[in-house]
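Just so it is clear, the values below take in all heavy atoms, side chains as well, and ignore hydrogens, waters and symmetry mates.
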Amino acid sequence: MSRILYHNLDYGELFIFENYVIAQINEGVILKPENNNEMRDIILNHFTDKKWVYISNRTMEYTVNPITYLETSKIDNLIGVCIITTSLIGKKTALFESKFYAKRFMVASTVLEAIGWASEVLDE
């Protein structure tokens, strides 16, 4: 098993695995492109030329500026985004956000479902 890298940011946490990242953003945060830049720099330092998937474990409520997805779509080796949420409102919000992201996008109910989807996308 590979090691897991952990980053505690002012607005959330990043867990970096071999082929994917799981992010947990803090309650009440408004995630903006500036935050995205910081996370991108940390993540791309790990996934230099390697394909990877971003998984957002939405255990808390926060807001994402949709422009963030436009910038995220430009990351060449990021091949998919998965949002984990169990609430109906969370699922509707994630589906709205998907319209701003140009690559593979999934809404999952559990971490295991998200990791399974990430593995399938990476194997394609």
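With hydrophobic clusters built from ILVMFWY side chains whose heavy atoms lie under 4.5 angstrom apart, Leu122 does not share a cluster with Val21. Residues Leu95 and Ile89 fall into different hydrophobic clusters, defined by Ile, Leu, Val, Met, Phe, Trp and Tyr side chains chained together at heavy-atom separations under 4.5 Å. Val64 and Ile42 fall within the same hydrophobic cluster, where Ile, Leu, Val, Met, Phe, Trp and Tyr residues are linked whenever their side-chain heavy atoms come under 4.5 Å apart, directly or through other members. Note on Val29 and Phe96: same hydrophobic cluster, where clusters join Ile, Leu, Val, Met, Phe, Trp and Tyr whose side-chain heavy atoms are under 4.5 Å apart, directly or indirectly. No path of Ile, Leu, Val, Met, Phe, Trp and Tyr side chains, each step under 4.5 Å between heavy atoms, connects Leu5 with Phe17, placing them in separate hydrophobic clusters.
Looking at every heavy atom in both residues, Ala23 comes nearest to Tyr54 through CB-OH, 3.1 Å. Here the shortest heavy-atom pairing between Val111 and Ile84 reads CA-CD1, 3.6 Å. Lys50 and Glu18 make their closest contact through NZ-O, 3.0 Å (heavy atoms, listed as atom of the first residue, atom of the second, distance). When all heavy atoms are compared, the tightest approach of Ile25 to Met39 is CD1-SD, 4.5 Å. What you find for Ala94 and Val107 is that their closest heavy atoms are CB-CG2, 3.7 Å. Ala114 approaches Cys82 most closely through the heavy-atom pair CB-SG, 3.6 Å.
Taking the side chain as every heavy atom from C-beta outward, Arg104 and Ile79 never approach each other to under 4.5 Å. For the pair Thr110 and Glu113, the minimum side-chain heavy-atom distance is below 4.5 Å. By the 4.5 Å heavy-atom criterion applied to side chains, Ile75 and Trp52 are counted as neighbours. Inter-residue side-chain proximity for Lys103 and Val81 is flagged as unmet; no heavy-atom pair is nearer than 4.5 Å. Counting heavy atoms from C-beta outward, Tyr69 and Phe105 have side chains that approach closer than 4.5 Å. Looking only at side-chain heavy atoms (C-beta outward), Leu78 and Phe47 stay at 4.5 Å or farther from each other. Residues Tyr11 and Leu31 form a side-chain contact, since some pair of their non-hydrogen atoms from C-beta on lies under 4.5 Å apart.
A donor-acceptor pair is defined here as one N or O able to donate and one able to accept, closer than 3.5 Å; no such pair exists between the side chain of Ser109 and the backbone of Thr86. Between the side chain of Glu27 and the main chain of Met60, no donor-acceptor pair closer than 3.5 Å is present.
Using a 4.0 Å cut-off between charged side-chain N and carboxylate O, Arg40 and Glu71 make no salt bridge. Between Arg58 and Glu97 a salt bridge is recorded (basic side-chain N to carboxylate O distance below 4.0 Å).
Here the CH2 atom belonging to Trp117 is positioned 8.0 Å from the CD1 atom belonging to Ile55, to the nearest 0.5 angstrom. Residue Ile115 holds its CD1 atom at 3.5 Å from OH of Tyr20, rounded to the nearest 0.5 Å. Atoms NE2 and CD, from His7 and Glu13 in turn, are 12.0 Å apart once rounded to the nearest 0.5 Å. Rounding to the nearest 0.5 Å gives a distance of 3.5 Å between CG of Asn36 and OG1 of Thr72. Rounding to the nearest 0.5 angstrom, the gap separating the CG atom in Asn77 from the CG atom in Asp49 is 7.0 Å. Taken to the nearest 0.5 Å, the CD1 atom of Ile43 stands 5.5 Å off from the CD1 atom of Ile16.
No more than 12 heavy-atom neighbours from other residues, nucleotides or ligands sit within 6.0 angstrom of CD1 on Ile67. Environment of CG in Leu70: crowded, with over 12 heavy atoms of neighbouring residues, nucleotides or ligands closer than 6.0 Å. For CD of Gln24, the number of neighbouring non-hydrogen atoms (other residues, nucleotides, ligands) closer than 6.0 Å is greater than 12. No more than 12 heavy atoms of other residues, nucleotides or ligands lie within 6.0 Å of CG in Asp10, so this atom counts as exposed by the packing criterion.
Using the six-membered ring where Trp is involved, Phe15 and Tyr6 have ring planes that are tilted, between 30° and 60° apart.
Counting only N and O atoms by type, the side chains of Tyr101 and Thr68 include no donor and acceptor under 3.5 Å apart.
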Leu9 vs Glu38, side-chain contact (heavy atoms from CB on, under 4.5 Å): CA-CA, chis, key distance, verdict | CA-CA 9 Å; Leu9 308 171; Glu38 180 182 17; 3.8 Å; yes
